[in-house]
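Taking it in order: structure first as structure tokens, then the write-up.
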Number of protein chains: 2
Amino acid sequence: MTARAHRPTIKEVAQHAGVSPMTVSRTLSGGLNVKPDVQERVLAAVAELGYHRNENARSIRPGHSSGLIGVAITNIANPYYSTFALGVEEEAALTGRRILLGNTSEDAVRENALVSDFLGRRVEGLVVVPASNAPEHLADAQRQGVPVVQASRRIDGLDADSVVLADEEGAQRGATALLDAGHTRIGYLGNTLSIFTGQRRHAGFVRAFDERGIPIDQDIVAAGQQTVDQAREATRAMLQMKNPPTALFCANNRNAIGALKEINRQLSTGVRPASDYPEIMSFDDFELAELSPVPISVIDHDPRELGRTAARLLLDRLDADGGAVREVELPVELRMHLR
Amino acid sequence: MTARAHRPTIKEVAQHAGVSPMTVSRTLSGGLNVKPDVQERVLAAVAELGYHRNENARSIRPGHSSGLIGVAITNIANPYYSTFALGVEEEAALTGRRILLGNTSEDAVRENALVSDFLGRRVEGLVVVPASNAPEHLADAQRQGVPVVQASRRIDGLDADSVVLADEEGAQRGATALLDAGHTRIGYLGNTLSIFTGQRRHAGFVRAFDERGIPIDQDIVAAGQQTVDQAREATRAMLQMKNPPTALFCANNRNAIGALKEINRQLSTGVRPASDYPEIMSFDDFELAELSPVPISVIDHDPRELGRTAARLLLDRLDADGGAVREVELPVELRMHLR
DNA sequence: CTGTTAGCGCCTTCAT
DNA sequence: ATGAAGGCGCTAACAG
């Protein structure tokens with residue numbers, strides 16, 4: 001199979017068509033100043049040899065770019081981020097650009113390596129869900145004229161465009177809705193506060209309590225779960241307290257899903273009815289949330305649009321550099337389903 | 001912001017360090033035959049200027065490759081495929097390669113354009129979930145020495161490595177399990193039979209009935225749903241028949257999720273108990289399947305492993321070309337949860 | 001140990 | 001309307 005063949009060059013096409021490489025080049029870029037019959041011969045040779053212009057060779061010429069966007073996200077497998085990546089890909093494809101996709105696994109070192117690699121491959125710009133609070137490598141990229149767009153999270157000390165969610169406002173509205181529904185013991189399940197969204201959503205949660213003058217019981221605040229299993233364990237611990245929460249505020253889909261799984265598991269033992277379990281407020285909607293055995297409200301938002309917006313910010317900057325840093329905050333939508 | 005700066009070249013680094021470009025090049029590729037103190041000066045210049053080797057320039061030299069793998073999948077946002085992409089990315093990253101990711105939206109024309117673009121960017125190989133049955137563009141790639149690995153689906157007339165699932169066997173086992181549980185009216189919900197997996201899973205379904213000598217009622221066979229909403233509508237239609245199925249065989253997660261959503265919606269009207277609704281056999285596990293209000297069994301498999309395997313097939317072929325076409329079939333695991 | 005030369009594939013510029 | 005020369009960034013091969 002695949003006799004390690006050879007990728008034809010413009011020279012070979014030229015030879016094949018009995019013209020000079022320049023004529024091939026001209027034909028391929030519109031055919032200006034090439035006689036129609038010559039063009040035909042060239043295109044025939046192109047088809048026959050299966051020639052494709054070497055974009056890497058083209059991109060090294062002065063004033064030309066690679067048409068590549070580097071996308072570094074923390075977890076490709078998380079549907080939220082993969083949908084985000086789809087949004088970026090779609091917008092990029094509209095301009096003929098492609099995305100180089102890399103996974104950071106929430107690891108700063110890996111992100112560094114990834115960005116460095118992307119720069120070596122001469123990406124035109126970077127879309128990053130920052131995994132650390134260190135801006136150096138991203139600032140470096142910008143200094144070299146490679147614009148960076150931060151998505152979902154924003155890090156201090158980096159003068160780069162960003163698109164994030166209305167995390168704090170959304171969380172506050174969600175938590176307030178629970179308080180208004182009469183809940184006083186509301187458990188918090190979120191990712192670590194060292195992450196932008198974790199910090200902001202927690203702040204919104206706290207603000208809701210503050211505004212109502214209700215104290216927060218830190219015993220039922222669990223921040224730091226990054227996986228469904230960790231969230232599930234945190235939920236288990238909370239539910240077995242002598243005085244468990246009557247509602248759970250989940251700061252992202254990993255935590256909401258973990259909570260649901262644990263509640264569902266306990267329900268299947270049949271000891272207590274669903275009404276004995278806390279209802280849920282989830283920051284992030286997710287597929288099949290509607291199957292929840294306890295009422296679940298969501299603070300919804302659109303990851304695909306987040307990706308599209310990030311890409312547009314980047315593409316705008318590529319077209320017309322300069323101008324102030326743009327910080328976009330996408331709205332979230334609260335959808336209530338309480339008892 | 002971002003004074004459209006400049007990406008340093010090897011020449012500038014050389015000048016900065018007071019050496020020739022070759023010395024920089026040598027230093028960067030291990031430092032063989034460069035005095036330690038000179039290396040230091042070079043590395044200092046590299047750091048100061050933020051220099052990154054231009055991989056595109058490197059890759060155009062004879063005998064060198066781009067370190068890029070082109071990945072064309074049908075739907076990035078589908079958790080199944082994004083997890084698959086993660087698997088490919090992981091394996092590729094182990095060898096220092098990156099993935100160019102493109103979405104085909106199940107559209108042959110788009111796939112063609114994508115592959116053509118990938119070839120222009122000099123990818124070393126392609127991992128494709130084929131969206132059509134036309135092998136031409138992929139065969140072209142192979143002819144040029146760009147190996148192709150087909151994942152999840154296989155198309156006729158293409159001499160390329162592939163990794164697929166034990167679709168037929170898995171489907172047959174799942175359907176047989178339903179028959180053994182006493183079901184005789186089993187509805188089928190699947191994607192179109194023109195797609196490899198759709199065809200194979202349906203064949204397995206049919207074979208189960210054939211082996212038991214039980215006829216299939218074509219009125220409750222619905223193939224062609226590609227989205228959750230379409231699956232939901234097909235389910236609705238089936239459930240409102242005078243003689244609805246007592247079990248549903250869903251050939252993929254989109255169809256299973258659509259079925260679940262419809263059943264759940266009808267249940268929430270409270271007219272009939274869950275026990276009146278069909279139980280489900282799903283080819284594909286998915287997050288929160290356990291919340292199903294009706295028993296759900298799954299024919300499980302690991303998309304990440306599918307991606308890893310695809311990548312390994314490709315990387316193997318890059319290392320050592322030649323050898324017969326390899327067709328890998330990954331096993332599936334049946335997990336029963338019936339009434 | 002270090003530098004010079006040449007050429008990868010392409011296309012801008014300058015002839016013709 | 002076509003072709004020849006030159007150079008993009010990089011490094012093998014060949015001096016020294």
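Below, chains carry the letters A, B, ... as their sequence lines are ordered, and counting in each starts from 1.
Checked against salt bridge (Lys or Arg N to Asp or Glu O under 4.0 Å), A:E90 has the following partners two or more places apart in sequence or in another chain: A:R304, A:R308. By the side-chain contact (heavy atoms from CB on, under 4.5 Å) test, B:R110 pairs with B:S105, B:D107, sequence neighbours left out. In this structure, B:D302 has no salt bridge (Lys or Arg N to Asp or Glu O under 4.0 Å) partners at least two apart in sequence or on a different chain. Residues passing the salt bridge (Lys or Arg N to Asp or Glu O under 4.0 Å) test with A:R53, sequence neighbours excluded: none. With sequence neighbours left out, A:A310 forms a side-chain contact (heavy atoms from CB on, under 4.5 Å) with A:F84, A:V127, A:V149, A:A151, A:V163.
To the nearest angstrom, P of D:dG7 lies 18 Å from CD1 of B:I10. Straight-line distance from the CG atom of A:D37 to the P atom of D:dA1: 11 Å, rounded to whole Å. Between the P atom of D:dG9 and the CG atom of A:L119 lies a distance of 16 Å, rounded to the nearest Å.
The end-to-end axis angle of the helix from C:dC1-D:dG16 to C:dT16-D:dA1, rounded to 10 degrees and based on five pairs per end, is 50°.
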Solution key, residues 10-23 of chain A side-chain donor-acceptor pairs under 3.5 Å, sequence neighbours excluded:
| from | atom 1 | to | atom 2 | distance (Å) |
| --- | --- | --- | --- | --- |
| A:E12 | OE2 | A:H6 | NE2 | 2.7 |
| A:E12 | OE2 | A:T9 | N | 3.2 |
| A:S20 | OG | A:M22 | N | 3.4 |

Pairs under 3.5 angstrom only: tabulate donor-acceptor contacts from the side chains of residues 33-40 of chain B to other protein residues two or more places apart or in another chain.
| from | atom 1 | to | atom 2 | distance (Å) |
| --- | --- | --- | --- | --- |
| B:Q39 | NE2 | B:G31 | O | 3.1 |
| B:Q39 | NE2 | B:V34 | O | 3.0 |

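Nearest-nucleotide positions on DNA chain C place A:T9 closer to the 5' end than the other of A:T9 and A:R26. Each of B:N33 and B:P62 lies near DNA chain C, and the nucleotide nearest B:N33 is the one positioned closer to the 5' end.
Of the residues in residues 43-58 of chain A, not one comes within less than 4.0 Å of DNA chain D through any heavy atom. Within residues 17-24 of chain A, the residues having any heavy atom under 4.0 Å from DNA chain D are, by residue number, A:V19, A:S20, A:M22, A:T23.
The stretch residues 70-80 of chain A participates, sequence neighbours left out, in these side-chain hydrogen bond (donor to acceptor under 3.5 Å, both in side chains) pairs: A:Y80-A:H301.
The base of D:dG9 does not come close enough to the side chain of B:R7 for any donor and acceptor atom to sit less than 3.5 Å apart.
With salt bridges taken as basic N to acidic carboxylate O contacts below 4.0 Å, one links B:R153 and B:E106. With respect to A:R121 and B:E55, no salt bridge is recorded, no charged nitrogen being found less than 4.0 Å from a carboxylate O.
The heavy-atom pair separating A:L100 from A:F118 by the smallest distance is O-CZ, 3.6 Å.
For the pairing with A:L313, the side chain to side chain contact (heavy atoms under 4.5 Å, CB included) check across A:V325, A:V148, A:L318, A:V328 returns one residue only, A:V328.
Scanning DNA chain C 5' to 3' for nucleotides with an atom closer than 4.0 angstrom to a non-hydrogen atom of chain B gives a first and last hit of C:dC1 to C:dC8.
Checked by atom type, the side-chain pair A:S162/A:R154 shows a donor-acceptor distance below 3.5 Å.
Base contact: B:I60 has a heavy atom under 4.0 Å from a base atom.
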